Amino acid sequence: MTEIDTEALGESVDQGVKSLLNGGWEKALMTILFALVILAVCLIVKRIMLKILDRGLDRSHVEKSFHAFIRSGLNIVLWFITIMIVAESLGIKATSLLALVSIAGLAVSLSVQDTLANLAGGLTILSTQPFKVGDYVEIGSTGGTVQEIGMVYTKLTTLDNRRIVVPNSTVSDAQVTNYTTEPIRRVDLTVSASYDAPVEKVKAAVQSVAADHEKVLLDPAPFVRLTAYGDSALDYAVRVWCENADYWDVYHDMLEGIKAAFDREGISIPYPQVEVSLRREK
């Protein structure tokens, strides 16, 4: 099939050349000059369109790493259109050229289908914008701060400073959890207290810790309620809100503050104990 299209293209080129020569050198020269003028006009239009695209991308919220990808894609399309127009002006049938390019494109796409899948994933990320550079995300079971969103890969840095490169096809197919986009975040804790400690006393102690913390928000209000009866203790659900950037500070401060408040109020935190009795036989 490729050979047939190649022959058809060759015949088309031969016919175009013969038509130029049969019309005389003057006509051939005029045709070539006309094709050059068309080429110059196409190049000018292409340059103007690329400048318009650059201005539009600069004003948009599209990630910077995708600007070159979009510009390159449009540039390829415009070059292809230019070649088709100039070929038609020279008398070369563009249909044969289009068929040959289509077959070549199919062969290339089959050989680089994984890369194309990643490119398609990159376009999905571009259109949906589930995250941006600097966000802390979880992609499937992988978590980290987004360092770069490339055309083929997305790069993350984990909390222990490991660099993870995730293919964009995996990103587009996985569940993505973004911890950075919302301005505030809820801290969820579960604390245990003795059955002997009055419920209201425990709740008041925890509420006082939340009220005294400067980074805990009062709206939404802190939440403290009895949530479960354990084997040796009562479990309380603690929910407080804070600014997204203060999450881990509030998380650890609340744990330390609750322990200190329980110690002051004489509230014990039971833990499983095992009693072992030794018996000596005569």
Side-chain angles (χ1 to χ4, degrees), residues 2 43 46-84 98 100-188 242-249 251:
T2 305
L43 292 178
K46 182 174 76 68
R47 185 174 181 181
I48 293 173
M49 292 185 68
L50 290 176
K51 284 187 176 180
I52 295 174
L53 176 66
D54 290 337
R55 292 178 182 177
L57 291 175
D58 291 337
R59 296 175 182 176
S60 68
H61 299 288
V62 177
E63 287 290 332
K64 296 290 184 182
S65 55
F66 283 102
H67 288 193
F69 173 67
I70 298 174
R71 194 179 193 281
S72 298
L74 179 61
N75 191 34
I76 293 173
V77 172
L78 293 177
W79 266 117
F80 180 74
I81 295 174
T82 299
I83 293 172
M84 299 291 290
L98 179 61
L100 180 61
V101 172
S102 300
I103 294 174
L106 177 61
V108 172
S109 63
L110 291 176
S111 62
V112 294
Q113 55 183 344
D114 291 338
T115 302
L116 292 177
N118 289 330
L119 289 174
L123 291 176
T124 302
I125 297 172
L126 171 65
S127 60
T128 59
Q129 294 185 342
F131 51 79
K132 61 182 184 298
V133 174
D135 288 353
Y136 184 86
V137 299
E138 282 186 0
I139 302 173
S141 59
T142 303
T145 302
V146 180
Q147 298 297 326
E148 180 183 343
I149 305 173
M151 293 184 292
V152 180
Y153 300 101
T154 295
K155 297 180 181 180
L156 307 178
T157 299
T158 62
L159 294 176
D160 57 351
N161 207 32
R162 290 180 293 123
R163 178 61 59 87
I164 298 179
V165 179
V166 185
N168 283 339
S169 59
T170 301
V171 177
S172 61
D173 292 336
Q175 175 179 311
V176 178
T177 303
N178 193 326
Y179 292 94
T180 309
T181 53
E182 299 301 325
I184 62 175
R185 188 176 171 188
R186 193 179 73 184
V187 179
D188 293 343
C242 64
E243 298 290 337
N244 204 311
D246 299 329
Y247 177 85
W248 289 111
D249 288 339
Y251 180 92

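Keep in mind the model is a prediction, meaning the values are calculated, not measured.
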Inset, instruction - Would you check if Y136 and T181 make a side-chain contact, meaning some heavy-atom pair closer than 4.5 Å? - result: no

Legend entry - Contact check, side chains of I81 and M84, non-hydrogen atoms, under 4.5 Å: no

Neighbour count above 12 (heavy atom, 6.0 Å) for [X] [atom1]:
X	atom1	answer
R163	CZ	yes
N161	CG	no
K155	NZ	no

Of all heavy-atom pairs between [X] and [Y], which one has the smallest distance, and what is that distance?
X	Y	value
T154	I125	OG1-CD1, 4.0 Å
Y247	R186	CE1-O, 3.5 Å
A174	G140	CB-N, 4.1 Å
T158	G143	CG2-O, 3.4 Å
V146	K132	CB-O, 3.6 Å
V187	C242	CG2-SG, 4.0 Å

Legend entry - Residue that, paired with V137, satisfies side-chain contact (heavy atoms from CB on, under 4.5 Å) out of L156, T180, T177: L156

I need the [X] [atom1] to [Y] [atom2] distance, nearest 0.5 Å.
X	Y	atom1	atom2	answer
E243	I184	CD	CD1	7.5 Å
F80	N75	CZ	CG	14.0 Å
K46	L74	NZ	CG	8.5 Å
I139	D173	CD1	CG	12.0 Å

Inset, instruction - Examine distances only and state if a side-chain atom of N244 and a backbone atom of E182 form a donor-acceptor pair shorter than 3.5 Å. - result: yes

Legend entry - Expected output: side-chain N178 to main-chain P130 donor-acceptor under 3.5 Å: yes

Legend entry - Electrostatic pair K51-D54, nearest N-O below 4.0 angstrom: no

Inset, instruction - Give a yes-or-no answer on whether the side chains of Y153 and E148 include a donor-acceptor pair shorter than 3.5 Å. - result: no

